[in-house]
Amino acid sequence: MNTQTQMNYIDSAKRVIEIETQAIANLAERLNNEFIAACNILFACKGKVVVSGMGKSGHIGNKIAATLASTGTPAFFMHPGEANHGDLGMLSKGDVLLAISNSGETNELVNLLPVVKRLGIQVVAMTNSASSSLGQHADVVLDISVEKEACSLGLAPTSSTTATLVMGDALAVALLDQKGFTSDDFALSHPGGSLGRKLLLKVSDIMQSGSDIPLVHASASVADALLEISKKGLGMTGVIAADGALTGVFTDGDLRRILDARVDVHSATVEEVMTKGGKTTTAGQLAVEALNLMETHKISALMVTDDKRKPVGAFNMHMLLKAGVL
């Protein structure tokens, strides 16, 4: 492949990006009372937001419906062709139809409007023509027109589909903000992904418990503490008093410190060299919050205690990584 061909590829790509960037910038200037009205209709919807569009508009509509649903606005996609042959039963009173057609004259979509209006369902249209059949029958029209497509032939939907997608994202996020949708709400709709794991997992879900908790009594020798660290594999051990309450922790870092000081690990007690107190967390804390605590204090493992400071578990960074929190 010669240099000129390579440059042609880059030039074409740059032209597309420039044209589509301008299309989005123009879109921002059209956010007006119609956008506010559309948001109000979708916010007040007691049923579902039913998104519909044909061809490339349908592909974009699928994504818009998915974004709405995952950000607190119940929504699904309805194919207009299938709707003309029975699937229109997906629509019910209380729903809102978000209809997408660049021209506003897509037959499969326009044919649905008489039935939709008879059901008393409000229609929010995304189109480049408010005077089109779709625009005239819609309660609100969102202008997604573009000056030109990024396709050099001016035929393939490129700038127009980008503008539609961005308008859909704008609606979804505006509604998210108005509803006070939180990261916890987001996690509930994404339980199977890494976001869900980060936001839903609790310390109790990942910690070692019972006999797997690394623990020694305060009177134990440093050598005994080292054996417990090696046996339990967390890089540290908790140190407990006679009543079972945690009084401190002994870590790999503490070991390096006492070796530098030439402390006799066989004669010294762990209470003499441990980190007194030590950072702890609770079983009910979110794992991601415990991770933040560990990163803030630059520690690689944590003891988990109850309200009487008695150890109920322990975990380290490796366990967070394995659980998908990191």
N/O donor-acceptor pairs under 3.5 Å from side chains in residues 49-56, not counting sequence neighbours:
{"residue": "Ser52", "atom": "OG", "partner": "Met78", "partner atom": "O", "Å": "2.7"}

Rounded to the nearest 0.5 Å, what's the gap from CG on Leu291 to CD on Glu289? Could you check?
10.5 Å

Got a sec, which pairs hit salt bridge (Lys or Arg N to Asp or Glu O under 4.0 Å) with one end in residues 206-218, sequence neighbours left out?
none

Going by salt bridge (Lys or Arg N to Asp or Glu O under 4.0 Å), name the pairs with one or both residues in residues 98-111, residues two or more places apart or in two chains.
none

N/O donor-acceptor pairs under 3.5 Å from side chains in residues 229-246, not counting sequence neighbours:
{"residue": "Lys232", "atom": "NZ", "partner": "Ser211", "partner atom": "O", "Å": "3.0"}
{"residue": "Lys232", "atom": "NZ", "partner": "Ile213", "partner atom": "O", "Å": "3.1"}
{"residue": "Lys232", "atom": "NZ", "partner": "Glu228", "partner atom": "OE2", "Å": "2.6"}
{"residue": "Thr237", "atom": "OG1", "partner": "Pro214", "partner atom": "O", "Å": "3.1"}
{"residue": "Thr237", "atom": "OG1", "partner": "Leu215", "partner atom": "N", "Å": "3.2"}
{"residue": "Asp243", "atom": "OD1", "partner": "Ala245", "partner atom": "N", "Å": "3.0"}

Kindly compute the distance separating CG (Asn84) from NE2 (His79), expressed to the nearest 0.5 Å.
10.0 Å

Can you tell me how far the CZ atom of Phe35 sits from the CG atom of Leu171, to the nearest 0.5 Å?
4.5 Å

Strictly by modelled atom types, are Ser129 and Thr127 linked by a side-chain donor-acceptor pair under 3.5 Å?
no

No-hydrogen, no-angle side-chain donor-acceptor test under 3.5 Å, Lys179 and Thr71:
no

Excluding sequence neighbours, so at least two apart, what forms side chain to side chain contact (heavy atoms under 4.5 Å, CB included) with Ile17?
Thr21

Under the side chain to side chain contact (heavy atoms under 4.5 Å, CB included) rule, collect the residues that match up with Lys202, sequence neighbours excluded.
Ser204, Asp205, Leu286

Run the side-chain donor-acceptor check on residues 313-321: report pairs under 3.5 Å with partners two or more places apart or on a different chain.
{"residue": "Asn316", "atom": "OD1", "partner": "His318", "partner atom": "N", "Å": "3.3"}
{"residue": "Asn316", "atom": "OD1", "partner": "Met319", "partner atom": "N", "Å": "3.1"}

Quick one: salt bridge (Lys or Arg N to Asp or Glu O under 4.0 Å) pairs with a partner in residues 60-87, sequence neighbours left out?
Lys63-Asp169

Are side-chain heavy atoms of Leu165 and Thr161 found at a separation under 4.5 Å?
no

Atom CE of Met90 and atom CZ of Phe77: how far apart are they, to the nearest 0.5 Å?
9.5 Å

Sequence neighbours left out, what passes side chain to side chain contact (heavy atoms under 4.5 Å, CB included) with Asp264? Give chain and number order.
His266, Ser267

Residue pairs, two or more places apart or on separate chains, that pass side-chain hydrogen bond (donor to acceptor under 3.5 Å, both in side chains) and touch residues 140-153:
Asp143-Ser145, Glu149-Thr158, Glu149-Ser160

Salt bridge (Lys or Arg N to Asp or Glu O under 4.0 Å): pairs with one or both residues in residues 109-128, sequence neighbours excluded
Lys117-Asp139

Those residues at least two apart in sequence (or on a different chain) that pass side-chain hydrogen bond (donor to acceptor under 3.5 Å, both in side chains) with Thr251 are Asp254

Heavy atoms, side chains only, cut-off 4.5 Å: are Met294 and Leu302 in contact?
yes

Between CG on residue Asp307 and NZ on residue Lys310, distance to nearest 0.5 Å
10.0 Å

